[in-house]
Amino acid sequence: MKEFHSFAEFWPFYLSQHSKKSTRAWHFVGTSFVFVCLILAAVLKNPWIILLAPVIAYGFAWFSHFFIEGNKPATFGHPFWSLRADFQMYFLILLGKMPKESEQASKKIPL
């Protein structure tokens, strides 16, 4: 497993593991369900719904890694940085900035 000393070092690696647009789309859907679960928990006043958030999000994400990207989720080796990176990727997709970020990050990946 590769060792990273900072999130800035990890980020290009994370994006390399999400190189296919469909992988990123599945992650986006899964992460969207995190927000849906949080809203439902608040509206229904049922905090147990929050427990569904990681199950749904990781379900979508891991499906995309195993069946689309064909790699092992970065979460297995770097859980906290992967979680942070997933939300960063989510908001970049939401803002339409992901293609440019992905292109820039691909230039930073060490060989």
TODO: Taking the side chain as every heavy atom from C-beta outward, state whether I50 and L38 have any pair of such atoms under 4.5 Å apart.
DONE: yes
If you look only at distance, which donor and acceptor atoms sit under 3.5 Å apart when one is on a side chain in residues 65-74 and the other is two or more places apart or in another chain?
from, atom 1, to, atom 2, distance (Å)
H65, ND1, N71, OD1, 2.6
H65, NE2, H18, NE2, 3.2
H65, NE2, H27, NE2, 3.3
E69, OE1, S19, N, 3.4
E69, OE1, K20, N, 3.2
E69, OE1, T23, OG1, 2.7
E69, OE2, S19, N, 3.3
E69, OE2, S19, OG, 2.5
N71, ND2, Q17, O, 3.1
N71, ND2, Q17, OE1, 3.1

Open item on the list: Is there a side-chain contact between W11 and M89 in this structure, where contact means two heavy atoms from C-beta onward sitting under 4.5 Å apart?
Closed with: yes
Task: Flag side-chain contact, heavy atom, 4.5 Å: F10 against R84 - done: no
Task: Atom pair CH2/SG of W48 and C37 - distance to nearest 0.5 Å - done: 14.5 Å
TODO: Taking S102 for its side chain and P99 for its backbone only, find out whether a donor-acceptor pair lies under 3.5 Å.
DONE: no
Open item on the list: Within this structure, what is the OG1-OH distance for the pair T31 and Y58, rounded to the nearest 0.5 Å?
Closed with: 9.0 Å
Open item on the list: Looking only at the aromatic ring of each residue, does the gap between the centers of Y14 and F4 stay below 6.0 angstrom?
Closed with: no
Open item on the list: Using 0.5 Å steps for rounding, measure from the CD atom of E9 to the NZ atom of K2.
Closed with: 6.0 Å
Task: Separation between CD1 of I49 and CD1 of I39, rounded to the nearest 0.5 Å - done: 11.5 Å
- [ ] Can you measure from OG (S32) to CD1 (I93) and round to the nearest 0.5 angstrom?
- [x] 9.0 Å
- [ ] Determine whether Y90 and F35 make a side-chain contact, defined as any pair of heavy atoms from C-beta on separated by less than 4.5 Å.
- [x] yes
Open item on the list: Is the shortest side-chain heavy-atom distance between L15 and M98 below 4.5 Å?
Closed with: yes
Open item on the list: For the OG1 atom of T75 and the CZ atom of F80, what is their distance to the nearest 0.5 Å?
Closed with: 11.0 Å
- [ ] Taking the side chain as every heavy atom from C-beta outward, state whether L51 and V55 have any atom pair closer than 4.5 Å.
- [x] no
TODO: Identify whether V36 and L44 are in the same connected component of the hydrophobic contact network (ILVMFWY, side-chain heavy atoms under 4.5 Å).
DONE: yes
- [ ] For V29, enumerate each residue passing the side chain to side chain contact (heavy atoms under 4.5 Å, CB included) test, keeping only those at least two apart in sequence or located in another chain.
- [x] F33, F60
Task: Main-chain N/O of P79 paired with S82 side-chain donor or acceptor, under 3.5 Å - done: no
